[in-house]
Amino acid sequence: MRQSILPREFYFRDTVTVARELLGKRLVRVLDGAVLSGVISETEAYGHADDPASHAHRRRTGRNAAMFGQAGRAYVYFTYGMHHCFNVVARPPDVAAGAVLIRGMVPDEGIDMMVRNRGRDSNISDGPAKLAQAMCITREQYGEDLTTYGGIHIEDSPGMAAGSIRASPRVGVRDARPWNFTF
DNA sequence: GGCGCGATTCCCT
DNA sequence: GGGAATCGCGCCC
């Protein structure tokens with residue numbers, strides 16, 4: 001039985017809070033009626049002008065426009081000439097931009113299809129680009145609404161107790177803020 | 001209009 | 001632990 005989809009209000013809050021609360025939630029991809037899903041295990045928060053590591057640190061551009069858009073939509077970027085990374089737009093109403101990078105999940109439904117998408121049977125969703133590849137997320141999902149059923153959405157779950165969440169410095173950026181979350 | 005590099009991954013030593 | 005793959009974007013000339 002499917003759980004309820006997280007509503008837009010969930011994402012219209014402080015980006016770091018949303019990053020913490022996404023741990024344990026279920027990321028679901030519906031492809032031609034098939035369901036792929038996994039439990040989110042690693043997230044990272046990215047802010048606006050005060051966050052030099054964020055794509056939205058400087059002005060709004062064609063690439064980062066989604067980070068300035070409606071909370072609860074997808075921000076997908078292409079990097080290193082070959083990888084896609086999937087983010088959820090999350091920000092309080094008084095902050096212009098923000099997003100949560102989904103860096104890892106524990107695969108559950110549709111594992112066979114994820115294995116085919118990845119071309120290997122281990123380490124299929126334990127990194128941002130691996131997860132995007134396993135879930136068939138590309139530029140085509142840029143700006144997609146995550147609060148409706150039929151493409152990508154995130155389902156509610158009890159989430160993680162605050163005491164079991166570990167905060168670490170974000171991966172691959174020169175900034176000491178402990179905005180990487182795992183459990 | 002050109003140049004440098006990245007919120008990464010994989011494979012080899 | 002180190003280097004290659006590979007290209008769109010952002011910034012500067």
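Chain identifiers are assigned alphabetically (A, B, ...) following the order of the sequence lines, protein sequences preceding nucleic acid strands; residue numbering begins at 1 within each chain.
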Residue matched to dC12(C) through Watson-Crick or wobble contacts both under 3.5 angstrom:
dG1(B)
Would the Phe68(A) and His48(A) ring centres measure less than 6.0 Å apart?
yes
Would you kindly check if the NZ (Lys) or CZ (Arg) of Arg73(A) is within the cone defined by 45 degrees around the ring axis of Tyr11(A) and under 6.0 Å from the six-membered ring centre?
no
Whole-Å gap separating P (dA7(B)) and NZ (Lys130(A)):
18 Å
Below the 4.0 Å mark, does dC10(B) have OP1 or OP2 next to a side-chain nitrogen or oxygen of Arg120(A)?
yes
At under 4.0 Å between heavy atoms, what does Ala53(A) touch on the DNA or RNA strands: base, sugar-phosphate, or nothing?
base
Nearest-Å distance, CG (Asn123(A)) to P (dC11(B))?
10 Å
Taking NE2 from His57(A) and C1' from dC9(C), how many angstroms apart are they, rounded to a whole number?
16 Å
Map Arg118(A) and Arg174(A) onto DNA chain B by nearest heavy atom, then report which one ends up closer to the 5' terminus.
Arg174(A)
Quiz item: cation-pi between Arg139(A) and Phe78(A), 6.0 Å / 45°
yes
Does Tyr80(A) contact dA5(C) through a side-chain donor or acceptor facing the base, at a distance under 3.5 Å?
no
Residue pair Arg13(A) / Glu21(A), side-chain heavy-atom distance below 4.5 Å
yes
Have a look at Arg63(A) and say if it touches a base, only the backbone sugar-phosphate, or nothing, with a 4.0 Å heavy-atom cut-off.
sugar-phosphate
Quick one: sort the Tyr77(A) and Tyr75(A) rings into parallel, tilted or perpendicular, breaks at 30° and 60°.
tilted
Looking at Arg2(A), I want to see if its CZ is surrounded by more than 12 non-hydrogen atoms of other residues, nucleotides or ligands under 6.0 Å.
yes
Does dG10(C) have OP1 or OP2 under 4.0 Å away from a side-chain N or O of Thr61(A)?
yes
With a cut-off of less than 4.0 Å, is there a side-chain N or O of Arg58(A) near OP1 or OP2 of dG10(C)?
no
Between C1' on dC9(C) and CE on Met82(A), what's the gap in Å once rounded to a whole number?
16 Å
Rounded to whole angstrom units, what separation is found between the OH atom of Tyr77(A) and the P atom of dG10(C)?
13 Å
Distance below 4.0 Å between His55(A) side-chain N/O and dA7(B) OP1 or OP2:
yes
Rounded to the nearest angstrom, tell me the gap between atom CZ in Arg170(A) and atom P in dG6(B).
15 Å
Gln133(A) atom CD is separated from dC10(B) atom P, nearest whole Å, by 7 Å
Give the rounded distance in Å between these two atoms: NE2 of His84(A) and P of dT9(B).
13 Å
Candidates dT8(B), dC10(B), dC7(C) - which lies nearest the side chain of Phe78(A)
dC7(C)
Tyr46(A) stacking on dA7(B): centroids under 5.5 Å, ring planes under 30°?
yes
Nearest to the side chain of Arg139(A), which nucleotide is it out of dA7(B), dG8(C), dC11(B)?
dG8(C)
Re dT6(C): Watson-Crick or G-U wobble partner, both distances kept under 3.5 Å, found to be none
dC5(B) versus dG3(C) - spacing of their P atoms, nearest Å:
15 Å
